[in-house]
Amino acid sequence: MTLRQYASTCTIAVCLSAIVVSALLAEGTVAPSVSRVEVVLADGLKSQVAAVREEFVQAGLTNLHVQFAKLGQPPQNIGLGRDVPAERAREAIRLALKYNLGVGILLPERLFPPRFVTIASSNYDDTVEFPIDQAALTRLQNPNLTTEEFHRLYRTLTSSPAESKGRY
């Protein structure tokens with residue numbers, strides 16, 4: 001065997017072993033139920049950021065990114081990705097109600113990565129905002145909803161029928 005053949009064989013062996021080890025490690029790894037949480041809080045909550053973070057962590061929303069509104073109250077909206085477990089989604093709603101003084105707008109899940117949560121984002125305009133009343137919000141908070149049922153209801157609440165223009 002020449003030196004070049006030996007080097008090629010060793011390189012292939014190292015690559016294959018890296019692939020096998022990665023696959024074995026990935027089998028035991030569980031993806032987080034929520035990959036990222038972005039929240040905008042009122043500036044007055046800056047002094048309480050440690051307590052806020054702790055409460056989000058206790059709710060299972062660990063990868064938290066906090067920003068503060070410079071003036072006024074952030075928008076009362078929430079957006080959830082399509083794979084956020086219902087339990088975590090309900091916790092996000094509970095925390096939005098507590099720290100953002102309410103939830104009045106839902107943002108459609110199609111705008112977000114699958115396991116993403118945003119609370120009080122100003123990145124979206126009224127073309128993708130869906131107002132929600134207290135009765136519908138209460139239905140979303142129902143602890144008996146499975147993840148599939150939760151997201152079916154969420155999609156229903158964040159979709160509107162096409163308006164007829166009268167041409168067809």
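Counting begins at 1 with the first residue of the sequence.
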Query raised in the report: With no hydrogens and no angle check, is any side-chain donor or acceptor of Thr118 less than 3.5 Å from a backbone partner on Gly79?
Result: no
Query - Transitive ILVMFWY side-chain link Tyr124 to Val37, under 4.5 Å - result: no
Report task. Sequence neighbours left out, what passes side chain to side chain contact (heavy atoms under 4.5 Å, CB included) with Ile105? Give chain and number order. Result -> Asn77, Leu107, Glu129
Query raised in the report: Hey, any chance Val117 and Phe150 share a hydrophobic cluster, counting ILVMFWY side chains that come within less than 4.5 Å of each other, even indirectly?
Result: yes
Report task. To the nearest 0.5 angstrom, please state how far the CD atom of Gln58 sits from the CG atom of Leu95. Result -> 10.0 Å
**Report entry** Student check: side-chain heavy atoms of Glu38 and Phe116 closer than 4.5 Å
**Finding:** yes
Report task. Taking side chain to side chain contact (heavy atoms under 4.5 Å, CB included) as the test, write out the residues that go with Glu87, two or more places apart. Result -> Arg90
Query raised in the report: Given the rule in the side chain to side chain contact (heavy atoms under 4.5 Å, CB included) test, do Gln141 and Leu137 qualify, once you have shown the distances and angles that lead to the verdict?
Result: CA-CA 6 Å; Gln141 293 174 290; Leu137 191 61; 4.0 Å; yes
Query raised in the report: Rounded to the nearest 0.5 Å, how far does CD1 of Ile93 lie from CG of Leu140?
Result: 5.0 Å
**Report entry** Rounded distance [0.5 Å steps], NE2 in His151 versus CG in Leu153
**Finding:** 10.5 Å
Requested in this report: Using a strict cut-off of less than 4.0 Å between a Lys/Arg side-chain nitrogen and an Asp/Glu carboxylate oxygen, indicate whether Glu91 and Arg88 qualify as a salt bridge.
Outcome: no
Report task. List the atom of Thr147, the atom of Pro85, and the distance in Å for their closest heavy-atom pair. Result -> OG1-CA, 3.6 Å
Report summary line: Nearest heavy-atom contact between Pro75 and Ser121 is CG-O, 3.4 Å
Report task. Establish whether Val128 and Ile132 are linked, either directly or via other cluster members, by ILVMFWY side-chain heavy-atom contacts under 4.5 Å. Result -> no
Query - Minimal non-hydrogen separation, Gly81 against Glu109, with atom names - result: C-CB, 4.1 Å
Query raised in the report: So, Gln48 and Tyr99: side-chain donor and acceptor under 3.5 Å apart, yes or no?
Result: no
Query raised in the report: In terms of heavy-atom contacts, does CD of Gln67 have more than 12 from other residues, nucleotides or ligands at under 6.0 Å?
Result: no
Query raised in the report: If you draw a 6.0 Å radius around CD in Glu148, do more than 12 non-hydrogen atoms from other residues or ligands fall strictly inside?
Result: no
Query raised in the report: Should Val66 and Ile78 be regarded as members of a common hydrophobic cluster, given that ILVMFWY residues are connected when their side-chain heavy atoms come within less than 4.5 Å of each other, either directly or indirectly?
Result: yes
Query - ILVMFWY cluster, Val52 and Leu97 together (side-chain gap under 4.5 Å) - result: yes
Report task. Apply the test side chain to side chain contact (heavy atoms under 4.5 Å, CB included) to residues Val84 and Tyr154: give CA-CA distance (whole Å), side-chain angles for both, the deciding distance (0.1 Å), then the verdict. Result -> CA-CA 11 Å; Val84 174; Tyr154 190 89; over 6 Å; no
Query raised in the report: Looking at Leu101 and Gln73, what are the two nearest heavy atoms and their distance?
Result: CD1-OE1, 3.6 Å
Report summary line: In terms of heavy-atom contacts, Phe130 and Pro108 come closest through CE1-CG, 3.9 Å
Requested in this report: Check Leu80 against Ala89 and note the closest heavy-atom contact, atom names and distance.
Outcome: CD1-CB, 3.8 Å
Query - CZ on Arg115 to CZ on Arg82, rounded to 0.5 Å - result: 10.0 Å
